[in-house]
Amino acid sequence: VVFQCPEGYQTFKKYYPEVIGDLNLEIVHFYELLLDEVKSGKVTFEPLEGVVTYHDPCRLGRQAGIMDAPRELIQSIPGITLKEMEHNRQSGLCCGTSAWMNCSSCSKDIQKIRLNEAQAVGAETLVTACPKCRMHLTCALRDTEMTVKIRDLNDLLAQSLKA
């Protein structure tokens with residue numbers, strides 16, 4: 001079973017087996033599957049230009065341990081330069097708001113720290129693999145003068161996908 005959603009992946013990979021036992025299924029995240037296709041040469045990307053940084057979503061990164069595949073996919077796009085923010089991978093920061101909760105002043109502060117980290121590495125685009133992170137970081141961006149763009153990894157990959 002291939003999952004795109006970090007929460008669905010985590011639920012089927014970790015929690016369901018703990019509750020109901022062996023699912024007798026291979027659980028794969030989409031980025032791992034796509035990366036296998038890229039490495040085999042079956043999927044290739046057209047060049048894009050730009051400097052990007054990657055924001056590890058909590059559930060996909062620290063909880064599910066999928067940190068390399070998104071980065072390798074980004075780096076497989078010719079012309080893209082990936083720069084790491086100060087806090088990345090296991091030490092990555094949350095987007096500031098879990099689930100679809102309303103943002104508090106503390107949440108906004110965390111989001112602005114994250115945006116400042118993206119700007120500090122010279123990223124034109126902050127890429128994430130979670131729709132909630134994208135939404136919350138985009139919301140925080142509106143309250144700043146920063147020019148960094150927030151983008152979903154799927155959108156970046158789709159734009160560059162060679163037909």
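Values below: all heavy atoms of this structure, side chains included; hydrogens, waters and symmetry mates excluded.
In terms of the side chain to side chain contact (heavy atoms under 4.5 Å, CB included) criterion, residue partners of E86 (sequence neighbours excluded) are, by chain and number, E117. Residues satisfying the ring-ring contact (aromatic ring centres under 6.0 Å, His included) test with Y15, not counting sequence neighbours, are none.
Salt bridge K42/D36: absent, no basic N to carboxylate O contact under 4.0 Å.
Cluster annotation: L73 and I80 are assigned to the same hydrophobic cluster (Ile/Leu/Val/Met/Phe/Trp/Tyr, side-chain heavy-atom contacts under 4.5 Å, transitive). Under the 4.5 Å side-chain heavy-atom criterion for Ile, Leu, Val, Met, Phe, Trp and Tyr, V127 and L35 are members of the same hydrophobic cluster. Linking Ile, Leu, Val, Met, Phe, Trp and Tyr residues whenever their side-chain heavy atoms come within less than 4.5 Å leaves M146 and Y54 in two separate clusters.
By the 4.5 Å heavy-atom criterion applied to side chains, M67 and N88 are not counted as neighbours. Put simply, the side chain of K39 reaches to within 4.5 Å of the side chain of E72, judged on heavy atoms. Counting heavy atoms from C-beta on, the side chains of Q119 and L115 never come closer than 4.5 Å. Within the 4.5 Å cutoff, side-chain heavy atoms of L156 are placed close to those of L48. Residues L23 and F12 meet the side-chain proximity criterion, which asks for heavy atoms closer than 4.5 Å. Taking the side chain as every heavy atom from C-beta outward, V52 and R151 never approach each other to under 4.5 Å.
Within 6.0 Å of CD on E18 lie more than 12 heavy atoms contributed by other residues, nucleotides or ligands. No more than 12 heavy atoms of other residues, nucleotides or ligands shown are found within 6.0 angstrom of NZ on K149.
The distance from the CG atom of L141 to the OG1 atom of T147 is 8.5 Å, given to the nearest 0.5 Å. Note that CD1 of I113 and CE of M85 are 12.5 Å apart. Values are rounded to the nearest 0.5 Å. Atom-to-atom distance recorded for R134:CZ and D155:CG is 7.0 Å, nearest 0.5 angstrom. Rounded to the nearest 0.5 angstrom, I66 CD1 and R59 CZ are separated by 14.0 Å. Interatomic distance, OG1 of T53 versus CG of L126, reported as 6.0 Å (0.5 Å rounding). For the atom pair CE (M135) and CG (D152), the distance works out to 13.0 Å, reported to the nearest 0.5 Å.
Screening Q90, H87, R62, R71 against D56 for a side chain to side chain donor-acceptor pair (under 3.5 Å) leaves a single residue, R71.
When all heavy atoms are compared, the tightest approach of V51 to G122 is CG1-O, 3.5 Å. When all heavy atoms of A118 and V148 are compared, the pair lying nearest together is CB-CG2, 4.4 Å. Across all non-hydrogen atoms, the minimal contact from E46 to I77 is O-CG2, 3.8 Å. Between T128 and C133, the shortest heavy-atom contact is OG1-CB, 3.6 Å. Looking at every heavy atom in both residues, S76 comes nearest to V38 through CB-CG1, 3.9 Å.
Listed by first and then second residue, the ring pair (Phe, Tyr, Trp, His ring centres under 6.0 Å) pairs involving residues 20-46 are Y9-H29, H29-Y31 (not counting sequence neighbours).
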